[in-house]
Amino acid sequence: MTSARPIRVRIAPSPTGDPHVGTAYMALLNLIFARQRGGQFVLRIEDTDRTRFVASSEQMIFDALRWLGLDWDEGPDKGGPFAPYRQSERTPIYLDAVATLLASGHAYHCFCTAERLEAMRRQQAAAKQAPRYDRTCRGLEPAAVAARLAAGEPATIRLAVPPEGSTTFRDQLRGDITFDHHNVDDQVLLKSDGFPTYHLANVVDDHLMQISDVIRAEEWISSTPKHVLLYHAFGWELPRFWHMPLLRNRDKSKISKRKNPVSLIYYRQAGYLPEALINFLGLLGGGMPAAEDAAAEKFSLDDMFARFQFDQIRLGGPVFDLEKLRWLNGLYLRALAPPQFLAAVRAGVFPDAYLAQIAPLVQERIETLGQFLDLTDFFFLDQVAPPPEVFLPKKRTLEETLAVAADLLAALEAAEWEHAALEASLRALAAARQWSAKEVFMLLRALITGKTASPPLLESLLVFGRARSLDRLRRFLEAQAQAPATPKG
RNA sequence: GGCGCCAUCGUCUAGCGGUUAGGACGUCGCCCUCUCAAGGCGAAGAUCGCGGGUUCGAAUCCCGCUGGCGCUACCA
């Protein structure tokens, strides 16, 4: 029933921040799939959410994936037969698709405001009903719609889900999955800002770019019926769906930056070798044949092309275990020839660009070159472990200080990584906690540098990097949670 | 709450009706050794989430339960 068509797969990251380890995982799986079947691997940038858009993100995604050796055949920076590969440059296509849907009755205009929708959901929650669009606008007369549109009233366009029946689709790893239409929401397809939502853009582009196999994370299973409905509405052939297990935190929740370093930038800066990270990712979720000893756990991307088995994938979400990654990384590091190792040290811990940023911070407070490392060691250390004498402000309890440290982590996560924004955020935190700004800055200094004296804090933070700063705070809090410091004196 | 997915040592996994349930990380011990690693050897660690079936026989098949997770946005 499915015609044999060329294998084409894709990853579709959203440029909303640091490149994510989950993106690398999906890229790896897609790349393997494509290489094993002589197919093409496409990179498509899904930048349809203008509120979360981060301009620098796209380039970071390119860099991180290339660093890992997960290169693509077609993409925004390479072009290809289905360009453009950036969704923000494809809006006419989506508008066109939406017009088709409107004409065939598969979609409709919705004039409900965000406020009304919110109120509706609150009511539904209070009545213990499932939060779902109540279809107020679904029955609007065409003339009324035209009039309101003409009057300039903002509108979205929603998918008209059939009121009865159900949609079944085949997941290649799990078999058939059925969703009753009563449980499928009339999803917004086109936002009032004129940009499509994921659901529309993704389906339209997968079809236009002739994607044969959609290999994506498990979190998409519940929206797949909407996608299937769209394919049917357009009369398009369905791709095969492969939903991959989700990477997890230690507590089994979906991997998140709050509980794990998830930024690929972090792994690169913290001195992980791309081969090791790729190897580790390949170990997760089954796929590779069982190892009969430790040496067999080590394998390359080429080994994965040769031996990875998609039908062997385990469906339970694997915990992302840093301990094992570190062990693997050590394996790779120790296997390097001495000149390669030296080169790795230079590139990984003392890159010129990094040193060039650090040097100005200490030049004016230095007397001999020998002091350089004394002043800057925290930039190079894997972690620092300040004792309570260092991080605990006088007249503050350990409990309170740890609470502020947790606030600090949250504040830095939320703040834009830029001097003024960081400073404002720290001062706001101090005010909220009724701490002096000095105390807050001192605490942060202690946690990041491990010392009470350091180069300028904010400047140091900016050079040290967001990913590593957050990780350092997180690890401090984790360590304290496990073995609380005992303040003395 | 609703819907969906999932379920083997702490973690990653092998296992696909008959195994002492295998390997790896981590942990612990011993060896090596000026130290620490690495390396070698070894140990502890899983009544295969629970309860019913099917079967001569179930971690493996079926059902129920429980638990975990995901989705439940004009985010992806």
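Below, read A as the first sequence line, B as the second, and so on, with proteins coming before strands; counting in each chain starts at 1. Atom set for the values below is all heavy atoms of this structure, side chains included, hydrogens, waters and symmetry mates excluded.
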Polar pairs (N or O, both sides) under 3.5 Å between protein and nucleotides 39-49 of chain B?
none

[atom1] atom, [N] versus [M]: distance in rounded Å?
| N | M | atom1 | answer |
| --- | --- | --- | --- |
| rA73(B) | rU19(B) | P | 50 Å |
| rU66(B) | rC28(B) | P | 40 Å |
| rC69(B) | rU11(B) | P | 13 Å |
| rU47(B) | rU20(B) | C1' | 15 Å |
| rA59(B) | rA14(B) | C1' | 12 Å |
| rC25(B) | rG39(B) | P | 8 Å |
| rG40(B) | rG4(B) | P | 50 Å |
| rG15(B) | rG22(B) | C1' | 8 Å |

Side chain to side chain, [X] and [Y], heavy atoms closer than 4.5 Å:
| X | Y | answer |
| --- | --- | --- |
| Leu238(A) | Phe169(A) | no |
| Glu297(A) | Leu283(A) | yes |
| Leu477(A) | Leu409(A) | yes |

Rounded distance (Å) that lies between atom [atom2] of [N] and atom [atom1] of [X]:
| X | N | atom1 | atom2 | answer |
| --- | --- | --- | --- | --- |
| Lys226(A) | rA76(B) | NZ | C1' | 12 Å |
| His227(A) | rG4(B) | NE2 | P | 18 Å |
| Asp293(A) | rG23(B) | CG | P | 11 Å |

Worksheet item: Excluding sequence neighbours, so at least two apart, what forms ring-ring contact (aromatic ring centres under 6.0 Å, His included) with His243(A)?
Response: none
Ignoring backbone atoms, establish whether [X] has a side-chain N or O less than 4.0 Å from OP1 or OP2 of [N].
| X | N | value |
| --- | --- | --- |
| Thr48(A) | rA76(B) | yes |
| Lys252(A) | rU11(B) | yes |
| Lys254(A) | rC5(B) | no |
| Arg158(A) | rC74(B) | yes |
| Lys191(A) | rA73(B) | no |
| Arg314(A) | rA14(B) | yes |
| Gln129(A) | rU72(B) | no |
| Arg50(A) | rC74(B) | no |
| Arg121(A) | rA73(B) | yes |

Would you classify [X] as touching base, sugar-phosphate or nothing, given that sugar-phosphate means primed atoms plus P, OP1 and OP2, and contacts are heavy atoms under 4.0 Å?
| X | value |
| --- | --- |
| Ala290(A) | sugar-phosphate |
| Gln312(A) | base |
| Pro131(A) | base |
| Ser253(A) | sugar-phosphate |
| Thr178(A) | sugar-phosphate |
| Cys110(A) | nothing |

Worksheet entry | Check: Ser192(A) side chain, rC74(B) base, donor-acceptor under 3.5 Å | yes
Practice prompt. Could you list the residues that satisfy salt bridge (charged side-chain N to carboxylate O under 4.0 Å, His left out) with Asp186(A), not counting sequence neighbours?
Written response: Arg135(A), Arg138(A)
Of the options [options], whose atoms approach the side-chain atoms of [X] most closely?
| X | options | value |
| --- | --- | --- |
| Lys324(A) | rC5(B), rC12(B), rG70(B) | rC12(B) |
| Phe179(A) | rA76(B), rC5(B), rC3(B) | rC3(B) |
| Arg248(A) | rA14(B), rA76(B), rC69(B) | rC69(B) |
| Arg52(A) | rC5(B), rG26(B), rC75(B) | rC75(B) |
| Ser222(A) | rA76(B), rG70(B), rU11(B) | rG70(B) |

Does any nucleotide pair with [N] by Watson-Crick or G-U wobble geometry, both distances under 3.5 Å, and what is it?
| N | answer |
| --- | --- |
| rC69(B) | rG4(B) |
| rA59(B) | none |
| rA44(B) | none |
| rA24(B) | rU11(B) |

Worksheet item: How about His227(A) and Tyr198(A): are their ring centres within less than 6.0 Å of each other?
Response: yes
Discussion item. Aromatic contact between Trp242(A) and Phe33(A), with the criterion being ring centroids under 6.0 Å apart: yes or no?
Written reply: yes
Could you tell me whether the side chains of [X] and [Y] share a donor-acceptor contact shorter than 3.5 Å?
| X | Y | answer |
| --- | --- | --- |
| Arg216(A) | Thr224(A) | yes |
| Tyr266(A) | Asp18(A) | no |
| Thr136(A) | Asp134(A) | yes |

